[in-house]
Amino acid sequence: MSSIKMKAKAEGDKVEVKALITHPMETGLRKDKTTGELVPAHYIQEVVVTSGDKILVTAYWGASVSKNPFMGFTYKGVVGDKLKITWKDNKAATDSAEADVV
Amino acid sequence: MMNRRTFLRGSLAASALGLVVSAGLLTPRLLLADETRAAAFEAKSLDEALKAMAATPEESAEISIEAPDTAANGASVRVTAVSKLPSTSEISFIVENNPLPLAATFVLGEGVEPTSSVVLKFGKTSNVIVLVKAGDKIYSAKKTVNVTTGGCA
């Protein structure tokens, strides 16, 4: 199952995009309560949202973004725009998802 | 000639990028399109982060921050920044008292409204500082969020 839920809803000529990603977003500063060891940093560093071949937003993230991060923005667009979101984390894992604007 | 940024953007298809990584051509650290950005995200204080971003922000009333005055749970605090500055191209969020203060930078493409929302961690009560890049200048605004239970940031 995709790690990403993305919704894009048009209102007039504006489209509101909301994305929720399942990810631990470990800072590297947290201690595991049972072992006392630091949990290694594991967080998303870059998220790119495109509409067709146009980049809408590139988000660079650090460890202060919450676990299971949320992001939202609005752009000038129309129903039927084909959006794609891709994330990459500091362990070079990546995932992507697509959504049509409704 | 295709520069590295174009290449990275163009090869966002996970498979292509994965191949490059597994071939050892790029270390994960290099995946971040801009080394300067990477340094800023590793900064351990507001001053360090601003220095790494080469930012000497000017306070602006044209930036508004929507965030709770008090957050019961610091692990999950929704913050929205709205810029009324013309030519806004980037919006960054900094949680001043976190060990790694710079949380996020949103680079806005053409046709994108100068507004970004993100959910942040707050280790304890802190100012959230929003930086807006508009034209060649960087502007800032801040708001204090009182945190009841810290979110192990």
Side-chain angles (χ1 to χ4, degrees), chain A residues 13-21 25-31 33 39 41-51 53-78 81 84-97, chain B residues 8-10 12-15 17-18 20-22 26-29 31-34 37-38 40-43 49 73-78 80 90-95 98-123 128 151-153:
Chain A
D13 64 346
K14 286 178 184 167
V15 175
E16 192 180 11
V17 183
K18 292 176 181 174
L20 198 56
I21 303 171
M25 296 300 284
E26 284 291 351
T27 61
L29 305 171
R30 189 176 69 87
K31 276 189 181 152
K33 277 182 187 136
V39 179
H42 186 200
Y43 57 91
I44 293 173
Q45 290 183 309
E46 193 178 324
V47 185
V48 180
V49 183
T50 56
S51 169
D53 54 8
K54 203 177 107 181
I55 294 175
L56 296 176
V57 169
T58 305
Y60 299 94
W61 285 355
S64 283
V65 169
S66 76
K67 177 182 174 178
N68 299 333
F70 166 88
M71 63 179 271
F73 65 92
T74 302
Y75 78 98
K76 219 173 217 254
V78 291
D81 281 357
K84 183 174 182 184
I85 181 168
T86 303
W87 62 254
K88 287 184 292 220
D89 70 19
N90 66 323
K91 294 185 176 178
T94 180
D95 196 9
S96 60
Chain B
L8 280 176
R9 291 275 151 70
L12 266 180
S15 57
L17 202 57
V20 174
V21 172
S22 56
L26 283 174
T27 64
R29 169 45 67 206
L31 287 175
L32 209 60
D34 187 331
R37 290 195 196 279
F41 280 104
E42 281 160 16
N73 178 8
S76 168
V77 181
R78 172 98 161 243
T80 298
E90 290 186 16
I91 298 180
S92 297
F93 295 84
I94 298 173
V95 183
N98 276 4
L100 296 161
L102 178 59
T105 297
F106 291 85
V107 180
L108 312 176
E110 210 181 303
V112 179
E113 303 275 307
T115 300
S116 299
S117 294
V118 66
V119 177
L120 304 177
K121 281 179 233 175
F122 281 67
V128 57
C152 55

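Protein chains get the first letters and strands the later ones, always in sequence-line order, with residue 1 at the start of each. Just so it is clear, the values below take in all heavy atoms, side chains as well, and ignore hydrogens, waters and symmetry mates.
- Looking at B:L102, only its backbone comes within 4.5 Å of chain A, counting heavy atoms on both sides.
- When A:A59, A:G72, A:A19 are compared by the number of non-hydrogen pairs under 4.5 Å with chain B, A:G72 comes out ahead.
- For B:E90 and B:R37, the salt-bridge test passes: some basic side-chain N is under 4.0 Å from an acidic carboxylate O.
- With chain A as the partner, the residue from B:V95, B:V112, B:I91 showing the most heavy-atom pairs under 4.5 Å is B:V112.
- Nearest approach of A:K54 to B:E110, heavy atoms of both residues: NZ-O, 3.4 Å.
- Smallest separation of non-hydrogen atoms from A:Y43 and A:D89: O-CB, 3.1 Å.
- Under the side-chain contact (heavy atoms from CB on, under 4.5 Å) rule, A:Y75 has a single partner from A:D13, A:D81, A:V57, which is A:D81.
- For A:K31, no part lies under 4.5 angstrom from a heavy atom of chain B.
- No more than 12 heavy-atom neighbours from other residues, nucleotides or ligands sit within 6.0 angstrom of CG on A:D53.
- Contact annotation for B:T115: only backbone heavy atoms (N, CA, C, O) come within less than 4.5 Å of a heavy atom of chain A.
- Heavy-atom pairs under 4.5 Å with chain B were tallied for A:N68, A:V15, A:L56, A:V49; the largest tally goes to A:L56.
- The candidate with the highest count of non-hydrogen atom pairs below 4.5 Å against chain A, out of B:G111, B:S92, B:P114, is B:G111.
- In terms of heavy-atom proximity, A:T74 sits nearest to A:K14 at CG2-CB, 4.0 Å.
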